[in-house]
Structure formats: C-alpha cells, structure tokens
Amino acid sequence: MRREVSHEIAERGPLVRAGAVRVPVLEDPDRELVVRWRSGDTTAFETLVQRHERRVFRLLVRMLGSHSEAEDVAQETFLNLHRHGHRFRGEARFSTFVYRVAANAALNRRRSLGRSHARERSLAVGEASGIAIPLSPVDPEREAAGAQVRSRVQEALLALSPALRLPLVLYDIEGLGYAEIAQVLELAEGTVKSRIHRARQALRPLLGALAREVGSGRAA
Amino acid sequence: MKHGEVRVRLGPYLEGDLPLQQRALVDAHLDACPSCAEELRELRGTIGLLRSLPEVEPPAGLANSVIARIQAGEAQPTLRVRLLDGLDMLLRSRPLALSAAAVGVIALALLAPGWLAEQVKAPQTTALTTPASDAIARRLAPLDVWMQQTPFVRRPMGSSVPNEEAATPVAPGPEPLPVGSELGAMEAQLEQIRRDPSGFLDELSGMPLAERDEQLSALLDEVIRAGRTAEIVQILRTTGDRRAEAILDRLELTSSSASPP
C-alpha cells in the first residue's frame with residue numbers, strides 16, 4: 001500500500017517547493033465534494049465522512065487502543081472538520097487535512113484523559129487488537145494465538161510516546177509517504193524519518209522476539 | 001564500519017535510502033557481525049508485525065451520527081475561533097488594518113483580560129490556523145497552558161516548515177546516537193534543570209511548538225537511556241509547576257517503551 005502511494009506521488013504532477021518539504025501537487029479526488037460542502041451542501045459532507053471514516057477510525061484505534069474511544073474521537077474529528085473546514089485552502093490533499101485533524105483530536109483526547117486512562121488501557125488493548133472483531137472461521141487454537149500476538153503489538157504501540165507513535169502508525173499502518181506525513185505533522189521530512197526509526201527501535205525489544213516466534217511458528 | 005555507525009544507518013538501510021557505497025559497507029559489516037544482523041532481523045520482524053495488524057471496521061452509522069450532531073448545532077465555531085478568524089480576515093484583506101486590529105486586541109486584553117484569557121484557554125480543537133491568528137493566539141496564550149497546546153496545529157498547510165534537524169549533515173539519515181559531547185550536553189541540561197527548573201520550563205515555553213516537542217523528546221530519550229529518569233522526575237516534582245506535570249506524563253509514557261542499553 002505504501003509503495004503504491006509513493007509511486008503515485010512520484011508519477012503525478014509537478015513538484016513545488018514549500019519550505020523544507022517538496023510537496024507534489026496532486027489532483028484531489030475530493031475537490032468537487034469539498035466545493036459543494038463549502039457552498040452549504042450537507043450531503044456532500046456526509047459523502048466525505050463516508051469516504052474518510054475508515055482511515056480516520058483505523059488511525060484512532062491504533063493511536064488510542066480502544067474501539068469505543070476511537071468512535072468518540074472519530075465523531076469529534078468530523079465535527080472539527082466541519083467547524084474548521086473553511087481553513088482548508090487546498091494547498092494539500094483533503095485526505096491529508098483529514099489526517100491532521102484526526103491526529104490533533106487523538107492528541108487532545110490523550111491529554112484530557114490524563115493518567116486515569118492508563119488503568120483502562122489493558123482492557124482496551126484486547127479490544128483494539130482485533131479480538132472483538134468477528135473473523136473468518138479458522139482453527140480456534142491458532143486464532144487465539146493470533147489474537148494474542150495482535151494484542152501484544154497494540155500494547156507495545158501504546159507504550160510509545162505519541163510523538164513517535166503517530167509517524168509510525170501513519171507510515172507502517174496507514175501507508176502514507178514521508179512527504180505526506182511531514183505535512184500532516186508539520187515536521188521536516190528528515191524528522192519524520194528519524195522518528196519512525198526511533199519508534200521501531202523502541203519497539204524492537206518488545207516485539208523482536210515475538211516476531212521470531214511468529215516466524216518460526218509459520219515456518220513449522 | 002563500526003557497530004554504532006551501522007546501527008544509525010539501519011533505518012535508511014531498511015528503506016533503501018542509503019547510497020550504494022554505504023549500503024555495501026553496511027552489508028559487509030552485517031555479514032561479519034551476528035549482533036547487528038540480529039538487530040536488523042528483529043527490526044524487520046517488528047515492521048512485519050505492525051503491518052500485519054488486521055483492518056478495523058468503522059462503526060455502522062458513524063456518518064449519520066456526525067450529520068445529526070451537525071444539524072443539532074454542535075459544529076458551530078466557538079467564540080474563540082470566530083474572534084481569531086475575524087481578526088485574521090481583517091489582517092489578510094487590508095494590511096493597513098493591521099495596526100487598527102492590533103490596537104483593538106490590546107484594548108480588549110487590557111479591558112477584559114479574564115474574558116480574553118478564557119477564550120484562548122478554550123479546548124484546542126483548531127485543526128488549522130493561519131499565520132495571523134497564530135501570532136495573536138501565541139501572544140495571548142498564557143504560558144501555563146502551553147503544554148496543552150498540540151504541537152501540530154500551528155502552521156497552515158503547505159507553508160514553510162522549518163527543518164528541525166538542519167544541523168544534522170545527512171538530512172534523511174537517522175538522528176545521531178548520544179555519544180561523547182551529546183552526553184555532556186545532556187549533563188549540562190540536567191544541571192540547568194536542577195539549578196533552575198522554572199527557568200528551564202520558561203525556556204521551553206518560549207520555543208516554537210515543533211521545536212519544543214523535538215527538544216523535549218530528545219532530552220527525555222537520553223535521560224532514559226542514561227538511566228537518570230528518577231533524578232529528573234524528582235527535580236520536576238518539587239517544582240509544583242503544571243508544565244512539569246506534562247513532562248512527567250510524557251516521561252512515564254516514554255520510559256515504559258524504552259529499554260536500557
């Protein structure tokens with residue numbers, strides 16, 4: 001997925017300089033809907049929500065570790081989007097703007113919940129790792145092991161500081177390219193790269209051995 | 001190539017971002033060094049696990065709920081947003097109005113400081129702000145709320161992004177590991193915090209948000225790696241400053257993810 005995004009950026013449109021980041025000017029598939037929404041068409045906004053709800057929800061689940069919390073914050077994200085939509089001036093793709101609003105909502109949520117949230121976290125992790133999602137019928141033993149692995153991955157993600165978790169989730173899970181993440185987080189591309197690497201390095205002691213176990217299990 | 005030199009290059013190595021010559025040097029080292037090769041395997045495994053997380057389905061009816069809340073008037077801009085937007089529009093459309101608007105804001109701040117501070121303290125729901133509204137908000141925002149401000153909301157899309165790592169010679173490369181002089185720099189910073197914790201917090205308050213975030217992350221990472229967490233926690237606790245609380249929160253999160261070297 002990430003590679004497709006990179007190719008798309010590489011192949012389409014001229015590059016313009018915007019500060020330290022080279023920003024590709026892309027045809028925005030949402031442009032027409034955004035114009036209609038801003039002229040007062042609520043159904044156009046509803047379509048935009050439907051188009052982007054999956055990526056917003058996925059990002060929030062991985063950032064917050066809980067489906068129910070992610071649902072609350074997803075609603076807040078789209079309300080904020082509607083509230084501040086007039087500030088989107090089309091310098092980047094609308095989806096980039098949506099990611100930014102969602103990232104801010106996730107960070108604000110974490111701050112407002114504070115430390116009390118940590119106590120609920122262990123419960124939330126199981127939910128976010130996908131345990132609660134009905135899966136296709138497979139060997140129950142194997143499925144239980146898979147759920148445990150996902151739970152540990154999600155738990156490790158939540159142990160990262162948000163400053164490292166956000167770029168990592170955007171890159172390795174959402175499949176965004178460095179330039180787009182730099183736009184979403186308003187960081188230089190070099191900073192984004194180094195944070196992604198630092199995040200992976202921080203996860204390595206937590207997940208390296210697990211990856212080996214999973215790998216040998218698959219090989220067996 | 002030494003272990004340290006290889007390790008800082010493993011990030012770009014994994015992404016295929018290393019120049020050919022450096023890649024060959026890393027390859028040669030990996031062939032001869034089991035511990036670096038193991039580190040690379042673990043990193044690859046970690047990335048594999050992240051990418052294998054299952055897709056999550058958004059709840060049914062999310063869009064309907066959002067539209068219902070909009071129709072109930074929940075998405076109206078707050079007074080703070082309207083104020084900042086209004087000023088911004090004024091400043092954008094008529095440069096000459098700048099002084100008039102500035103006089104207006106100052107008068108407002110003098111006549112009704114409590115009210116204005118309340119508006120600025122409103123929850124940070126702003127997704128994108130404009131340069132003028134930014135400048136105004138920054139001047140008005142009391143220092144004690146800076147930690148609540150999100151580090152990512154302060155510049156409009158596509159505007160100039162300062163390179164926080166301009167001093168790093170290889171821009172896309174990894175951040176250097178704390179060796180020699182950097183450990184010394186951490187000591188100096190710890191000493192400064194110990195001597196004058198409030199001064200340290202004030203200094204952070206004066207930085208642009210992105211720079212502050214980066215500085216703080218780097219310092220905390222080094223403190224944890226050096227095993228000095230308890231020391232900085234104790235110093236910050238004694239300040240009783242709300243801003244220190246935010247750092248302690250972050251330290252708690254970061255240290256739970258870091259492992260000793």
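Note on naming: letters A, B, ... go to the chains in the order of the sequence lines (proteins, then strands), and numbering restarts at 1 for each one.
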May I ask you to decide if B:G45's main-chain N or O and A:R212's side chain share a donor-acceptor pair within less than 3.5 Å?
no

Does any backbone or side-chain atom of A:V149 lie under 4.5 Å from a heavy atom of chain B? Answer side chain, backbone, both or neither.
side chain

Taking every heavy atom of B:L50 against every heavy atom of A:I173, the minimum-distance pair comes out as O-CG1, 3.8 Å

Is the closest side-chain heavy-atom distance between B:L62 and A:F78 below 4.5 Å?
yes

Side chain, backbone, both or neither: which part of B:I70 has a non-hydrogen atom closer than 4.5 Å to chain A?
both

B:T46 and A:R200: which non-hydrogen atoms are nearest, and at how many Å?
CG2-O, 4.3 Å

A:I196 portion near chain B, given a 4.5 angstrom heavy-atom threshold
neither

Determine, for A:E174 against B:R51, whether the closest basic-nitrogen to carboxylate-oxygen distance falls under 4.0 angstrom.
no

Heavy atoms, side chains only, cut-off 4.5 Å: are B:V66 and A:H82 in contact?
no

Between B:E74, B:R44, B:R69, B:R41, which shows the greatest number of heavy-atom pairs under 4.5 Å with chain A?
B:R69

Does any heavy atom of chain A fall under 4.5 Å from the side chain of B:E38, the backbone, both, or neither of them?
side chain

Close side-chain approach of B:V56 and A:R62, heavy atoms under 4.5 Å:
yes

A:R54 bridged to B:E57 by N-O distance under 4.0 Å
yes

Do A:R150 and B:P54 have side chains that get closer than 4.5 Å, going by heavy atoms?
yes

Shortest non-hydrogen contact from B:R7 toward A:Q201:
O-NE2, 4.4 Å

Quick one: are A:Y178 and B:D17 in side-chain contact, heavy atoms under 4.5 Å?
yes

What one should report as the nearest heavy-atom pair of B:P59 and A:F57 is CD-CE1, 3.6 Å

